[in-house]
Amino acid sequence: MLDPKHFRNDISITADKLKLRGFDLDTASFTALEEKRKALQVATQELQNERNSRSKNIGKAKAQGQDIAPLLAEVSDLGEKLDAAKAELDDVLNQVNAITSLVPNIPDESVPPGKDESENVEILKWGTIPTFDFEPKDHVDLGDNSAKGLDFESAAKLSGSRFVVMRGQIARMHRALAQFMLDTHTSNHGYTELYVPYLVNESALYGTGQLPKFGEDLFHTKPATESGLGMSLIPTAEVPVTNLASGEIFDEEQLPVKLTAHTPCFRSEAGSSGRDTRGLIRQHQFDKVELVQLVKPEDSMQALEELTGHAEAILQALELPYRKVILCSGDIGFSAAKTYDLEVWLPAQDTYREISSCSNMQDFQARRMQARFKRKSEKKPELLHTLNGSGLAVGRTLVAILENYQQADGSIAVPAVLQNYMGGCTVISA
RNA sequence: GGUGAGGUGGCUGAGUGGUUGAAAGCACCGGUCUUGAAAACCGGCGUACGUUUGUAGCGUACCUAGGGUUCAAAUCCCUACCUCACCGCCA
């Protein structure tokens, strides 16, 4: 949610900025609606004022033992007028809210303008792309080799497409990766580890911006006893972790808050039925280690650099070649003001694929969830800034290791930093 | 799942349907006193929105949330959520 002032005071500037990311704000009709809201609100409050003062007078008269019947007669139609005014105001407020809750964040000035992902800008490349003296296989074939380490057929039997069963050393490496990531972020980067619910309510999803616009990307549970969506499976740990701040007022000294959690993520992948159907890249269920920071507004851009660096540190420790991309204005997510994507090299696809997305949401989510902090020198609480990033997507990291560490015989070398997590195992044999 | 009791400001905790945004205490902030600190005393101490040049004043809303009754609701009624206690069940 944007600051309402953006809509009231400088709506045309706001509309211009939103156009950069491909969002059309109908300023004329919104301004008209806003005028209406203002007039109705004033009128309603005046009626309430009148009712309040008259009611007080009735109370006083009654206390003095006077006859209140004539006073009651005077206010008889006030109630109806008030109800009508309230209903009208409610209606307009709902309309305003319906619009503003669908307006995305404004891109930061440092974000390059652009229409779609083709105009994202590469910031850096890290690592050396491996060369093979044989035809590199993709992770599906490699996983199939190692005693059905990646078993998509079995998963399809259990659940359908876009699920996987992992076995043996592959499953263990998957677990090792998550452990390694968590340990690195807690020990080296100053994050506090969390365990959080995987089912969340509607208000949490609203807080981080998944609702009301992106409900169809989620899996919803609907117990027989409930109406509506019921609880929803988290599409990312960002939802439960960031919403911990909802309704809170932090002391200035408590910031920055740095949190990390390893959770499964569930996405319906509606609208991407034809994309990445092969393999582990796009699943309905995948694991991710998430990084979240709550910071003061003046610190958030620097925090984004650091948080992205924390995700990069994992790729570097695993010696996986990657590149860092800044998303252009047309490609950033709904709630984000600025986003870096980290893309890992996948030899079989001969290209870089997204493995992490790190964003500064500024006060966009904080406003939705009323997450605030108080400066020592100030009386009024201020909205804090929220950031999050994947550090990293575990399934895709596994894909990257299988493909980059593969050997001619189809075996997989185990990256040095993972060996201790795998009982000293140095190679997963074919 | 059953039964019972509750949800009031940062915390504790009052509150017969009527000048209650809400007593009191604690915490916190400012001041007096003191060489300094403590104690004591004095004063202040919620959020959002509207009006406005205004961090002034005034108005409105908010006592878990949403409905209802009433001229008037923290106070009465209904529903949801949550908490606590006991019972049942359970990894």
Side-chain angles (χ1 to χ4, degrees), chain A residues 1-10 31 33-97 99-101 195-207 211-212 221-232 240 243-255 363 366-384:
Chain A
M1 186 100 84
L2 296 175
D3 190 334
K5 290 190 181 96
H6 286 310
F7 297 115
R8 289 176 195 164
N9 304 338
D10 45 15
T31 304
L33 195 60
E34 182 58 22
E35 294 290 324
K36 209 167 153 192
R37 189 218 99 232
K38 214 182 240 186
L40 279 171
Q41 186 164 337
V42 171
T44 306
Q45 292 192 352
E46 272 170 13
L47 280 172
Q48 283 174 321
N49 185 12
E50 191 176 340
R51 182 207 58 194
N52 288 348
S53 59
R54 285 189 187 229
S55 288
K56 273 181 190 172
N57 286 337
I58 291 173
K60 273 191 231 170
K62 202 176 169 191
Q64 293 167 13
Q66 297 172 8
D67 178 17
I68 59 171
L71 291 173
L72 287 180
E74 271 179 47
V75 296
S76 61
D77 64 330
L78 241 184
E80 271 177 44
K81 276 195 207 165
L82 223 184
D83 283 347
K86 266 189 192 164
E88 214 180 331
L89 178 61
D90 256 13
D91 182 51
V92 171
L93 283 176
N94 284 337
Q95 288 181 53
V96 170
N97 202 264
I99 295 172
T100 55
S101 63
Y195 172 85
V196 293
Y198 304 155
L199 286 166
V200 293
N201 59 29
E202 251 181 87
S203 81
L205 289 163
Y206 179 83
L211 292 181
T221 65
K222 187 179 171 180
T225 52
E226 286 184 26
S227 60
L229 302 172
M231 291 196 283
S232 307
N243 272 290
L244 283 173
S246 79
E248 299 291 327
I249 300 176
F250 292 84
D251 287 331
E252 183 174 14
E253 313 79 271
Q254 293 176 272
L255 303 178
D363 63 12
R367 182 170 296 104
R368 291 176 156 239
M369 60 177 78
Q370 286 300 301
R372 295 174 293 177
F373 76 102
K374 189 137 64 172
R375 292 184 200 274
K376 260 194 148 149
S377 53
E378 299 287 329
K379 251 179 83 174
K380 269 184 175 298
E382 253 176 87
L383 294 170
L384 45 76

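Everything numeric here is computed off the predicted structure, so don't read it as measured data. Order of the sequence lines sets the chain letters (A, B, ...), proteins ahead of strands, with each chain counted from 1.
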Expressed in angstrom and rounded to an integer, what is the separation of A:Lys5 atom NZ from B:G50 atom P? 8 Å
For A:Glu80, I'd like to know if atom CD has over 12 heavy atoms of other residues, nucleotides or ligands within 6.0 Å. no
Which residues share a side chain to side chain donor-acceptor pair (under 3.5 Å) with A:Glu46, sequence neighbours left out: none
Measure the distance from NZ on A:Lys374 to P on B:U55 and round it to the nearest whole Å. 18 Å
Do you know which of A:Glu252, A:Gln254, A:Glu253 makes side-chain contact (heavy atoms from CB on, under 4.5 Å) with A:Phe250? A:Gln254
Between B:U16 and B:G7 - P atom distance, rounded Å: 13 Å
In whole angstroms, the gap separating P of B:G50 from CD of A:Glu35 amounts to 13 Å
For the side chain of A:Gln41, counting heavy atoms from C-beta on, which of B:U19, B:G50, B:U47 is nearest? B:G50
Choose from B:G50, B:G18, B:U19 the nucleotide whose nearest atom is closest to any side-chain atom of A:Ile58. B:G18
Name the closest nucleotide to the A:Ser55 side chain, picking from B:U47, B:G50, B:A72. B:A72
Measure from CG on A:Asp90 to C1' on B:C49 and round the result to the nearest Å. 14 Å
Relative to the 5' end of RNA chain B, which residue comes earlier, A:Gly59 or A:Arg372, by the nucleotide with the nearest heavy atom? A:Gly59
Criterion side-chain contact (heavy atoms from CB on, under 4.5 Å) against A:Val92, the qualifying member of A:Glu35, A:Lys36, A:Gln41: A:Lys36
Checking B:G50, B:U19, B:C71 against the side chain of A:Lys60 (C-beta onward), the nearest is B:U19
Convert the base pairs of RNA chain B into dot-bracket notation, remembering that pairs crossing earlier ones are written with [ ] and that bases paired across to another strand are shown as |; include only Watson-Crick or G-U pairs under 3.5 Å. ((((((((.[[[..)..(.....]]].(((((.......))))).((((((.....)))))).[[[[[..)....]]]]])))))))....
Options B:G59, B:G50, B:A72, nucleotide nearest the side-chain atoms of A:Asn49: B:G59
Does B:U20 have OP1 or OP2 sitting under 4.0 Å from an N or O in the side chain of A:Lys56? no
Tell me: CG of A:Leu40 to P of B:C49, nearest whole Å? 19 Å
